[in-house]
Amino acid sequence: MRYLPADVSSFELLRTGNYIYIDKTEYIYKLFQAGARHFFLSRPRRFGKTLIISALKELFLGNRELFKGLWIDTSDWKWEKHPVIHLDFGTIGHSNAEAFRINLAWILDKRADEYGIDTKSAPSVETKLLLFIEELSKKFGVNSVVVLIDEYDKPILDHLKDIEQAKAQRDVLKSFYDVLKGLDQHLRAIFITGVTKFAKTSLFSGLNNLNDITIDPKSANLLGYTEQEITTSFTEYLEALANDNKSTPEIILHEMKTWYNGYQFSEQPLKVYNPFSVIYCLEKKKFANYWYESGTPTFLVNLLRSQYQGLEEIKDVEIGADNLGSFDIENIPLVPLLFQTGYLTLAHYNEATKKYKLSYPNFEIEESFKKFLISSLAHVTSIMVDTSLTKLINALKAQDLASLCKILQTLFAQIPYTLHIEQESYYHSLFQFLMSLLALEAHSEVITNRGIVDTVMSIDNILYIFELKLNKKATHALKQIRDKKYYEPYLLTHSKIILVGLSFKAKENERLNVEYTAQELSGG
């Protein structure tokens, strides 16, 4: 029984260490046989980018023995040996721009030395790269050099909280890529991967022939697992998981599909599973939020806190391809970033409007991301969010609105006062995400012929209608529900309806206070 490739991203180790490898070589072959040579690919973290870079390295080095038994070994691929410059910017120190420049220069000298080329006398990163590639070309011939870059964006992403430092990191990278634009006659291939996609004008302006395959059908299945790949490669592990859960492989696969499938990276409805979560689910023999728990980028937390106004519209939003792609450091829109980081995925392509609908890919992401949003916006831990959810359900079932207010008050107490000022939508977002996580029938921003209801929720045959206000009396919120008769559509469908006006009161240097006023109605 072969091993599960948990945390193994070396192609050589996978192929020599008795690990399961999902054969992606046919997709690689088709990419390079189509004529293009220079590629850019954006994918979420832990989705297999490092492994594909490692596979490309071995492929272009001509190490055919590692590909025995794989699709490409039976093809007409020319097994030529190419010099490969492999750089992982995630492992190159970048505490500041100068440190990044120094460390990158050192890495280039080290890589050059491996090929017997001395670049130490070159005075800069740019001249070292230029000399390195030119000398490799002399040794191996024109169009021979392969450049592989993993985590190209990490030096920028790690400094997004300090825009000036992020720009300085970007300038180092831009100068590096500008060198490549004049060396095309020496290059066999370029392959660059990362999580985000920054605008060509700010980073890749010189690489006009860089083919972005992020949402190209040719790369839709290049990373991640298809259902067929899972059923054919992990049969024994699926059976073991089924036995442990006293189930069948068919039922287990259906549950796995709910939890981890749903990622779509082109206009064609080709879905892939999150490979990280699938591997850990099979290894631990348990369904859980593996990918989310493996870490959330700090830059995303900071961006969410600054752009929370758009959170209510992140699911099922429609966006054009031009807005889905790249952006600048100074202007990072939330929705495209959530797509690139894996919290949203393409759900549908409208041929008429040329727009993509985005949505959560699966249960793991939807549940985890909402908890993450609440913990980020409320400045509390995810453990506190989980504890509060249980208490909220109990309070709603018991019709104990005083306890509900105390729970909300405790949960939201750490929100900085600067966010309280005239930011009613902040509390709307938090409350609505909380309610949607309760596994109840809850709807937010419900449109009626008289206005928009903040939240409508049903539990144990009780219908709750909530209206939220900031720094206004709870009676004012309740009066709005009554005056606009938000309850009328539910009078015939629910025997008990509780109208709740919630008031969030925040003053500088004072504890947040949550108050309520309620009225019970009898329905049909």
Side-chain angles (χ1 to χ4, degrees), residues 289 292 301 304-305 308 311-312 366-417 419-421 423-446 453-478 480-481 486 496-507 509-520:
N289 300 330
Y292 167 75
V301 175
L304 284 166
R305 287 175 178 168
Y308 67 88
L311 290 177
E312 295 149 0
E366 182 166 5
E367 181 189 51
S368 301
F369 185 59
K370 286 177 180 177
K371 287 181 183 177
F372 162 64
L373 284 174
I374 295 165
S375 62
S376 297
L377 296 179
H379 296 252
V380 296
T381 65
S382 58
I383 295 174
M384 187 173 180
V385 174
D386 269 333
T387 304
S388 298
L389 289 172
T390 303
K391 291 178 179 178
L392 283 170
I393 289 178
N394 292 335
L396 288 165
K397 286 183 176 180
Q399 301 172 48
D400 185 355
L401 294 173
S403 292
L404 181 138
C405 287
K406 287 180 181 178
I407 296 164
L408 294 176
Q409 192 167 295
T410 302
L411 189 60
F412 298 163
Q414 302 303 315
I415 298 173
Y417 173 73
L419 292 176
H420 294 167
I421 306 169
Q423 301 293 354
E424 190 171 285
S425 61
Y426 201 91
Y427 292 98
H428 281 183
S429 297
L430 281 168
F431 185 76
Q432 288 162 5
F433 280 119
L434 265 176
M435 295 302 105
S436 67
L437 278 171
L438 295 178
L440 307 173
E441 187 180 343
H443 304 280
S444 301
E445 300 292 323
V446 179
V453 189
D454 282 344
T455 301
V456 178
M457 168 186 295
S458 179
I459 180 171
D460 289 352
N461 296 318
I462 305 167
L463 184 80
Y464 285 96
I465 298 178
F466 290 97
E467 183 67 30
L468 281 66
K469 296 297 178 186
L470 177 63
N471 291 327
K472 294 180 181 178
K473 292 182 178 180
T475 52
H476 182 80
L478 181 61
Q480 181 174 324
I481 298 174
Y486 290 154
K496 182 182 287 189
I497 301 172
I498 300 177
L499 316 180
V500 186
L502 284 178
S503 170
F504 292 81
K505 293 183 178 179
K507 293 182 180 180
N509 300 321
E510 290 186 16
R511 181 180 175 85
L512 173 72
N513 191 39
V514 183
E515 299 175 350
Y516 80 95
T517 299
Q519 178 182 345
E520 185 176 319

**Report entry** Closest heavy-atom pair and its distance - V500, L478
**Finding:** N-CD1, 4.4 Å
Query - Parallel, tilted or perpendicular: ring planes of F372 versus F369, cut at 30 and 60 degrees - result: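 F372 and F369: tilted rings.
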**Report entry** Verdict with reasoning, E515 to K473, per side-chain contact (heavy atoms from CB on, under 4.5 Å)
**Finding:** CA-CA 8 Å; E515 299 175 350; K473 292 182 178 180; over 6 Å; no
Rounded to the nearest 0.5 Å, how far does [atom2] of [Y] lie from [atom1] of [X]?
X: T410; Y: M384; atom1: OG1; atom2: CE; answer: 6.0 Å
X: L502; Y: Y427; atom1: CG; atom2: OH; answer: 12.5 Å
X: S388; Y: L438; atom1: OG; atom2: CG; answer: 10.5 Å
X: Q432; Y: F466; atom1: CD; atom2: CZ; answer: 11.5 Å
X: L392; Y: L411; atom1: CG; atom2: CG; answer: 7.5 Å
X: N394; Y: L404; atom1: CG; atom2: CG; answer: 11.5 Å

Query raised in the report: Between F431 and F433, does the ring centre distance come in under 6.0 Å?
Result: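 Ring centres of F433 and F431 not closer than 6.0 Å.
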Any donor-acceptor N/O pair, [X] side chain to [Y] backbone, under 3.5 Å:
X: D454; Y: L468; result: yes
X: S503; Y: K472; result: yes
X: N289; Y: Y292; result: no

Report task. Quick one: do Q409 and N513 satisfy side-chain contact (heavy atoms from CB on, under 4.5 Å)? Show the steps, please. Result -> CA-CA 6 Å; Q409 192 167 295; N513 191 39; 3.0 Å; yes
Query raised in the report: With a cut-off of 6.0 Å (strictly less than), are more than 12 heavy atoms of other residues, nucleotides or ligands near NZ of K391?
Result: no
Query raised in the report: Heavy-atom count around N461 CG within 6.0 Å, excluding the residue itself: above 12?
Result: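 For N461, atom CG is not crowded (no more than 12 foreign heavy atoms under 6.0 Å).
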Query raised in the report: Out of L463, V456, I462, which residue meets the side chain to side chain contact (heavy atoms under 4.5 Å, CB included) rule with I497?
Result: L463
